[in-house]
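Just so we're clear, the structure is a prediction, and the values are computed from it rather than from any experiment. First the proteins, then the strands, lettered A, B, ... as listed; each starts at 1.
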2 protein chains.
Amino acid sequence: MREGPDIARIASLVGDPARANMLSALMGGTALTASELALEAGVSLPTASSHLSKLMEGGLLTLASQGRHRYYGLAGPQVAGMIEAITGVAASVGPQRVRPGPRDAAMRVARVCYDHLAGEQAVAMLDRLVEREIILRDDQEIRLGPSAASHFAAIGIDVDAKPRRPVCRACLDWSVRRSHLAGTLGAVILDKILAEKWARREKDSRAVIFSPPGKQAFEKVFLA
Amino acid sequence: MREGPDIARIASLVGDPARANMLSALMGGTALTASELALEAGVSLPTASSHLSKLMEGGLLTLASQGRHRYYGLAGPQVAGMIEAITGVAASVGPQRVRPGPRDAAMRVARVCYDHLAGEQAVAMLDRLVEREIILRDDQEIRLGPSAASHFAAIGIDVDAKPRRPVCRACLDWSVRRSHLAGTLGAVILDKILAEKWARREKDSRAVIFSPPGKQAFEKVFLA
DNA sequence: CGCATAGTTCGTTCCTCATCGAAGCATTCT
DNA sequence: AGAATGCTTCGATGAGGAACGAACTATGCG
């Protein structure tokens, strides 16, 4: 018999369709209420509540109570990373859809992945960064190139700040089946996109909608 | 309702204790037969067989038939990475054991993690490589330093070969709760340790046992 | 204070799925 | 060929747990 961490316990928490849907929804990065998650998962409120307490007990979620609202969010980047890893496997071994990826066109173009940008736009951005050697890639592994600091400084992003998470990480995009940029740098870039109002988040969805001028500005900075 | 890859399907495969034990056993990197896995998981042969066909159907395993033996192995690094990610979450949120980690002392010192070395020995090695700036670390992210190529060339390891996997990856050690070296480099180093006969693999276990002279040689090369 | 909204707890129903023994196939050894 | 080993399939059993309605608690609003 095996020793070690109880991986079956964690995996079985993710292994229920309702809970998996909830966790996927929370990959949008924003905390949601029990009712929103119930809707998202397609179950009744009592059922959702039961699932949420299990996820809480399992340590996968955090809870922020504000008045009569209770906002549930992912417990942290490690949990988000695990969901990403599972999603990656599911995407690559899963029953191949005829049209892979999200059905919603907007979702395929650009969406939020926990705290960074995903979708065609994000994949194109990473491709271009690699092409310009601002980011160096050895297959799945990516890292900052020598010119990264000055390049990002020019657009107001400090890559030298040393946070607790990797600055620069690859994350497999399940709609495009290629990598996009995650890590702190990915998060900061998404922040910038939203702060500059180049794009807005679709309500109750992970989709990110670029305005026509915003798309131009984004392309000028990241795809030029 | 959500779209996208069926993550619940994959997670629920890992979510059964018997299957989780099998997958953990296969993290040892060597393919095992159905009977070995049944023993490992603590279930009867028919039960194990049923689980194995589910894991096969889910695409998590590969099968190599040799005569009347059928060897099951993890389907690839992506699957191994997913198991690692789940193990990491389970280790950090799980019920903290009074004495964390493997019960077996040898396992805590050094063991195999899919294809690379884990345990105290491995954590010490990575620490030392970082200290000598052969490998650079930004918290969880690690990468090769400028002197890496020449340093590893001196001990007969070519880090410039570009394989399909990241050369250098961090992997959270669940017994020590700190990172050790994974990726191709980690795999090559483990190969070297075994090829030089510095250590041998314990039969039917992930434990790696260093011989006294082997330990000295290893420490001279990697911990000096 | 009552009424509405947000959420949890309780109890019941129901169904999936893990489990094992027995029997069936396949491969190798003698 | 016959026996032994390795593994899978079948069928029956049983337990865990997902689901919901109804009742209960808590917060906010007039």
- Query: Going by heavy atoms in the side chains, are H116(B) and I189(B) under 4.5 Å from each other?
  - Reply: no
- Contact class for Y71(A) vs. all strands (heavy atom < 4.0 Å): base, sugar-phosphate, or nothing? nothing
- What residues in residues 47-54 of chain B put a non-hydrogen atom under 4.0 Å from any atom of DNA chain C? T47(B), H51(B), K54(B)
- Note on the structure: L37(A) atom CG is separated from dG7(C) atom P, nearest whole Å, by 9 Å
- Task: Could you tell me whether the side chains of E84(A) and T87(A) share a donor-acceptor contact shorter than 3.5 Å?
- Result: no
- Task: List for me each residue that meets ring-ring contact (aromatic ring centres under 6.0 Å, His included) alongside F218(A), sequence neighbours excluded, and say none if there are none.
- Result: F210(A), F222(A)
- For the pair made of CG in L39(A) and P in dT5(C), what is the distance, rounded to whole Å? 17 Å
- Query: What's the NE2-P distance between H69(A) and dT25(D), to the nearest Å?
  - Reply: 22 Å
- Query: Just checking, any donor-acceptor pair under 3.5 angstrom between side chains of S50(B) and T47(B)?
  - Reply: no
Which pairs of donor and acceptor atoms, one on a side chain in residues 72-83 of chain B, lie under 3.5 Å apart (sequence neighbours left out)?
residue: Q78(B); atom: OE1; partner: S92(A); partner atom: OG; Å: 2.8
residue: Q78(B); atom: NE2; partner: G88(A); partner atom: O; Å: 3.2

- Query: Between the main-chain N or O of L26(A) and the side-chain N or O of T30(A), is there a donor-acceptor pair closer than 3.5 Å?
  - Reply: no
- Contact under 4.0 Å: Y72(B) side-chain N or O vs dG6(D) OP1/OP2: no
- Message: Nearest to the side chain of S35(A), heavy atoms from C-beta on, is which of dT9(C), dG7(C), dC20(C)?
- Response: dG7(C)
- Message: Whole angstroms only, please: what is the CZ-C1' distance between R70(A) and dA26(D)?
- Response: 10 Å
- Send over the distance from L45(B) CG to dT5(D) P, rounded to a whole Å. 14 Å
- Gap between atoms CZ and C1', on R68(A) and dG28(D) respectively (whole Å): 5 Å
- Task: Report the distance from atom CG of L55(A) to atom P of dG17(D), rounded to the nearest whole Å.
- Result: 14 Å
- Message: Starting the side chain at C-beta, find the nucleotide from dA18(C), dA19(D), dT9(C) nearest to D16(B).
- Response: dA18(C)
- Query: Counting side-chain heavy atoms from CB outward, which of dT19(C), dA19(D), dG21(C) is closest to P46(B)?
  - Reply: dG21(C)
- NE2 on H180(A) to CD on Q121(A), rounded to 0.5 Å: 13.0 Å
- With nearest nucleotides of DNA chain D determined for A34(B) and S12(A) from heavy-atom distances, which residue corresponds to the more 5′ nucleotide? A34(B)
- Item | Between dG7(C) (C1') and L32(A) (CG): distance, integer Å | 15 Å
